[in-house]
Q: 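This is the structure, below, for whatever I ask next.
Source: prediction; values computed, not measured.
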Amino acid sequence: MSRQAFVALVTCFNEDETINYQATRAQVRRQVEAGNNIMCAGTNGDFTALTFEEKVRLTEEVVDEVAGRVRVIVNAGMPATFETLKLAREFDRIGVDGIAVITPFFIACTQDGLIRHFSTVADAVKTPVYLYDIPARTQNHIEPETARLLAGHGNIAGIKDSGGAKETLEAYLEVARDIDGFEVYSGPDHLVLWALQNGAAGCISGLGNAMPHVLSGILSAFNAGDIAEAERQQATFAAFRTDLYALGFAPAMVKRSLYLQDASVGASRQPALLPNAEQDEKIAEILRSYNLL
């Protein structure tokens, strides 16, 4: 099975913070040309700062730009099952390849509550649903046994693990080994190759926004059986991650590093990073050291 890389695509903004759809389309083309699939309206896409209507149009624009050349997954997850369902039905209508559902955030959920939430969404759409676990951001964690139970649902196709712990990722991979058709995608960029070597279907990367060809290089080398080259590319990817993320909130650092490469992507709507000349110079220095600027 050929493993696949997805980039958790940034959403581009104009100076007045409206979405710049043309710039977003340009980022889609950049990733497609590099050989990467697309996830939109995820953590790196500022999904918590997007309105319902914006998410729908953003998905329409991305799907139109992709034009079937790569796969598109979109995140429908919101705190309430009600709004998650509404979004998922819209994405189902648009015709994406997968609907990711991040765990509800702000509210504390039981595992039974998560089972009901994900099952209700999966029951309502034809598009395959992917669980999305990122407990550091949502404060809700999909336990491996919950993932195993949900993997038996006919329309739940896999899980994106962004927890960062090998132990949890390994537990999800064990579920995938036991249940045919259940796919595990790794989120942490330092674990891409490790996950592939242990049976992951691929990865969904935020850092790939800034380093698309290195990300695709890990996957293409692995798929070709050239583990030495995959290790070389992974070492570069992991080192860049360490250097960049030491400066602040990871998605904000990714967006700012991309902004310094191409200002058309705009700033973030999130208040996690305000323009700062000193920090920009530190990011630029890192980019230059990796020949990205």
Side-chain angles (χ1 to χ4, degrees), residues 6-34 36 38-62 65 72 74-75 77-78 87 100 102 105-106 134 136-138 162 187 189 204-215 237 240-293:
F6 286 79
V7 167
L9 193 76
V10 299
T11 302
C12 301
F13 297 106
N14 297 302
E15 287 189 13
D16 63 358
E17 294 194 9
T18 56
I19 295 180
N20 185 333
Y21 292 105
Q22 290 307 310
T24 302
R25 281 176 174 264
Q27 290 302 313
V28 170
R29 292 193 295 273
R30 178 170 171 262
Q31 294 297 336
V32 171
E33 289 163 4
N36 298 319
I38 303 293
M39 177 182 177
C40 63
T43 304
N44 280 271
D46 281 325
F47 86 95
T48 57
L50 303 180
T51 68
F52 182 98
E53 292 76 16
E54 286 175 331
K55 290 174 187 176
V56 173
R57 180 174 170 189
L58 175 67
T59 302
E60 290 173 334
E61 298 267 353
V62 169
E65 187 63 46
V72 177
V74 58
N75 170 43
M78 291 297 288
L87 277 168
I102 198 168
F105 43 96
F106 187 75
I134 182 168
R137 301 287 171 239
T138 68
S162 291
D189 292 301
I204 302 177
S205 166
L207 198 63
N209 282 287
M211 254 187 183
H213 291 283
V214 174
L215 174 63
F237 209 48
F240 180 57
R241 172 188 181 273
T242 298
D243 292 344
L244 185 64
Y245 291 1
L247 299 180
F249 179 55
M253 292 302 108
V254 169
K255 185 66 178 288
R256 197 65 183 174
S257 70
L258 188 56
Y259 174 85
L260 294 178
Q261 295 178 68
D262 179 358
S264 73
V265 302
S268 172
R269 273 185 182 170
Q270 308 281 13
L273 178 67
L274 298 175
N276 178 299
E278 182 180 351
Q279 188 165 57
D280 277 355
E281 180 50 39
K282 290 179 180 178
I283 296 171
E285 184 178 343
I286 292 169
L287 292 173
R288 285 191 290 267
S289 72
Y290 289 90
N291 297 315
L292 295 172
L293 195 64

Q: Would you say the side chain of V74 lies within less than 4.5 Å of the side chain of V62, judging by non-hydrogen atoms?
A: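 Contact flag for V62/V74 side chains = no.
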Q: Applying side chain to side chain donor-acceptor pair (under 3.5 Å), name anything that partners E60, two or more places apart in sequence or on another chain.
A: R93
Q: For T18, enumerate each residue passing the side chain to side chain donor-acceptor pair (under 3.5 Å) test, keeping only those at least two apart in sequence or located in another chain.
A: N14, D16
Q: Residues two or more places apart in sequence or in another chain: which of them pass side chain to side chain contact (heavy atoms under 4.5 Å, CB included) with E278?
A: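 Testing E278 for side chain to side chain contact (heavy atoms under 4.5 Å, CB included), a comparison that skips the adjacent residues, returns N276, K282.
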Q: Quick one: salt bridge (charged side-chain N to carboxylate O under 4.0 Å, His left out) partners of R25, sequence neighbours excluded?
A: E61, D64, E65
Q: With sequence neighbours left out, write down each residue that passes side chain to side chain contact (heavy atoms under 4.5 Å, CB included) with S264, or none if nothing qualifies.
A: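 Once residues adjacent in sequence are excluded, the partners of S264 under the side chain to side chain contact (heavy atoms under 4.5 Å, CB included) criterion are A23, D262.
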Q: Where do N209 and Q31 come nearest, in terms of heavy atoms and distance?
A: CA-NE2, 3.6 Å
Q: Just wondering, do I19 and L50 contact through their side chains at under 4.5 Å, heavy atoms?
A: yes
Q: Residues two or more places apart in sequence or in another chain: which of them pass ring-ring contact (aromatic ring centres under 6.0 Å, His included) with F237?
A: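 F237: no ring-ring contact (aromatic ring centres under 6.0 Å, His included) contacts found.
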Q: Could you go through S257 and L244, starting from their C-alpha distance and side-chain angles, then the distance that decides it, and tell me whether this counts as side-chain contact (heavy atoms from CB on, under 4.5 Å)?
A: CA-CA 8 Å; S257 70; L244 185 64; 3.9 Å; yes
Q: Taking side chain as C-beta onward, heavy atoms only, is Q27 less than 4.5 Å from L258?
A: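 Q27 reaches L258 side chain to side chain.
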Q: Got a sec, which residues hit ring-ring contact (aromatic ring centres under 6.0 Å, His included) with F105, two or more places apart in sequence or on another chain?
A: F47
Q: Kindly write out the residues that satisfy salt bridge (charged side-chain N to carboxylate O under 4.0 Å, His left out) with E281, not counting sequence neighbours, or none if the list is empty.
A: R288
Q: For S162, give me all partners under side chain to side chain contact (heavy atoms under 4.5 Å, CB included), at least two apart in sequence or on another chain.
A: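 By the side chain to side chain contact (heavy atoms under 4.5 Å, CB included) rule, S162 matches Y132, I134, K160.
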Q: Report yes if some heavy atom in the side chain of Q279 is under 4.5 Å from a heavy atom in the side chain of M253; otherwise report no.
A: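 Contact flag for Q279/M253 side chains = yes.
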Q: With a 4.5 Å cut-off on side-chain heavy atoms, are Y21 and E54 touching?
A: yes
Q: What residues, two or more places apart in sequence or in another chain, satisfy side chain to side chain donor-acceptor pair (under 3.5 Å) together with N75?
A: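 Side chain to side chain donor-acceptor pair (under 3.5 Å) check on N75 returns nothing, list empty.
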Q: Do I283 and Y259 have side chains that approach each other closer than 4.5 Å (heavy atoms only, starting at C-beta)?
A: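 Contact flag for I283/Y259 side chains = no.
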Q: Going by the rule side chain to side chain donor-acceptor pair (under 3.5 Å), which residues pair with T48 if we only count those two or more places apart in sequence or in a different chain?
A: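 So T48 forms a side chain to side chain donor-acceptor pair (under 3.5 Å) with Q270.
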Q: Can you sort out the partners of F240 under ring-ring contact (aromatic ring centres under 6.0 Å, His included), two or more places apart, ordered by chain and number?
A: Y290
